[in-house]
Amino acid sequence: MKRIVYREWRIPSTRYWGILGILAAVAGLGVLAFGYMEHHGHWITGMTNSVVWGVPHVFAVFLILAASGALNLASIGTVFHKSVYKPLGRLSGLLAVALLVGGLLVLVMDLGRPERLIVAITHHNFSSIFAWNILLYTGFIVIVIAYLWSMADRQGAPFIQPIGILALVWRLALTSATGAIFGFLVARQAYDAAILAPMFVVMSFAYGLAVFMLALLFAFHDEGRPLGPRILRRLSNLLGLFVAGVLYFTLIYHLTKLYGAKHDGLENWLLFNGGLQTFLFWVGWVLVGGLVPLGIIHHPDLGRDRNWIAAACALVILGGLATLYVVIIGSQVYPLQMFPGQTILESGFFDGVNGQAASYLPTIPEILLGLGGVAVALIVTVVGVRVLQFLPESLADEAIALDGEDMDQTALKSV
Amino acid sequence: MKDENPVIDPERRAFVGLAVGIGAALVAPGVILHQVAAAPRAEPVSGAVRWGLLIDTTKCVDGCSACVEACGRENGLDLQGRGETGSSDKWERQKAAWVRKVKLQDNQTGRIVNLPMMCQHCEHPPCVDVCPTGASFKRADGIVMVDRHLCIGCRYCMMACPYKARSFIHGEQSGQLTRAPRGKGCVESCDLCVQRRDQGEDSTACVDACVTAGHEAIVFGDLQDPASPIRQMLKELPNRQIREDLALNTGVRYAGV
């Protein structure tokens, strides 16, 4: 029986405040960007009546996906009884809440009328996926906080299993609903595809795990806590599986769109002639976010080097942002197909004259707003691990339990 | 026995009577006039009618934008400030447009068609389905519009609309019309001149302008009334819905495309 000991993150206080200072500065810039956008209106962004969701949505959806994905580690430990993952549960829950808060903030601050958030809370149209998501997101935060309590508090221990199962089901519903925001839109050619819901689930697995692994590697390295190769191997193998899963879903999505003649125009544009979108698809989505990290993880030497593993995680994150850029913005710049078999020669409202895609150039406030959300998520995480016992003292090979090894309930408690 | 009450002062009685009379004379016309003015609006919108448009593209003329300009005047779209956008090109893509002219060419035959595109006032509008707060709604008479007090500016309806019919107000607005107020950060679109519906008028700004321009390419009317001119024309002219595949049962129909 091995006892897991959790401790606060004890890096030198100058370094801690330095990290917080940098993050607070980025978050502050995000707040300024929000104020600027809110004061002037969205004309200062690159968004138009053709591209209505811009870079803030890319960041927000990424953070929301990563949030539900980050919770996987806790689920694997408590719901699926993989003892080796149990010490990771608390950080997993903390990251899940932090990333979701960051993502939601970006989403809310990008609203045309953010001051009417109360309207969104008091008026629900239940045929809207968005309305469901408002409930799913807030419910997720409440459930994960309860989950953390059950993991950390002696009195909560009996509830860890039911809460863990509820959290797992809830996070799957949440991510499916996030995918359905896009998948259920019949109007756009790139959407109207049920596969987007499970694809978003797999994407969340990959992005959430990549963020989790980077946070873990950074926190343990910075404080000098032991992190054994066994757990790292397990995590990076899992990441490889999820990344391969994303590639598989991407393949099926495009094969489905390619099979009928209906979407030939879209596929031809996206895969070959879409300029930035084509580049982001092949280089960002497939290479940087897929094949390269897979190559690193399964390379006999690089796959054992933790710097390379960290690099693979960073690439999955970058590739994820590129993926969501293509999913969210690519589908909007590609013109709506209102008149199949006809070419639009002139239009008073930019309907894709001669099949031209709409233009979108993000402005600095949009990017700062998105980065501000990332900074808020990291601030919550850094403060959390600093003041509370989220991180296990050691993840050295000899300190972690093998799967199937029965652990005493008391071993779950912190000292 | 004489019933005399010395407490009653006849002068005061006369004064009260006069005051009541003057008061009633002042208030009554207001009340009555108000009721007269409010008559069409006082009745709830009825599902007995379904407003719609029929656009005969064979009559729609290349280069004419009378409908677009009339819509701008009626709904205050021509009052939109330029904003402080860097380029006029970007402003063109950011300003609100409820109706636009589109010129199409058939890939096979080369036949050219001109038509106005606006909100298609679907029976099953995707914008209403996706709106989280219910701000995007369909009236009983078939008009799809936005409640600007409930709109939070999430733009999900713009993502969902198959016709690109909706506009987001990207900047501060000034000099608005009381009949068509708009606010920064909300979404809006063609509402079939709903202010005219509520005043009991029987056409839209674009229809009137098209008639004035001598084209008569747009017909407005009640799609449910078998005797209405629009129903008669729909019966005679082969027509279709844009994106029929989505089965939205649009209230705007096109002939000649």
Portion of [X] that has a non-hydrogen atom of chain A nearer than 4.5 angstrom:
| X | result |
| --- | --- |
| B:L104 | both |
| B:V113 | neither |
| B:L248 | neither |

Best-contacting candidate, B:C151, B:C186, B:C161, B:G171, against chain A by heavy atom pairs under 4.5 angstrom: B:C151
Non-hydrogen side-chain atoms of A:M338 and B:M117 separated by less than 4.5 Å: yes
Flag side-chain contact, heavy atom, 4.5 Å: A:N49 against B:R93: no
Partner of B:C154 under side chain to side chain contact (heavy atoms under 4.5 Å, CB included), chosen from A:L107, A:L111, A:V52, A:V108: A:L111
Check: B:T133/A:R116 side-chain N/O donor and acceptor closer than 3.5 Å: no
Exercise: do B:K101 and A:S347 side chains pair donor with acceptor under 3.5 Å: no
Heavy-atom pair with the smallest gap, counting every atom of B:M159 and A:A187: O-CB, 4.3 Å
Check against side chain to side chain contact (heavy atoms under 4.5 Å, CB included), B:Y156 and A:L185: CA-CA 10 Å; B:Y156 196 16; A:L185 294 183; 3.8 Å; yes
Test: A:D110 and B:R155 ion pair at under 4.0 Å: yes
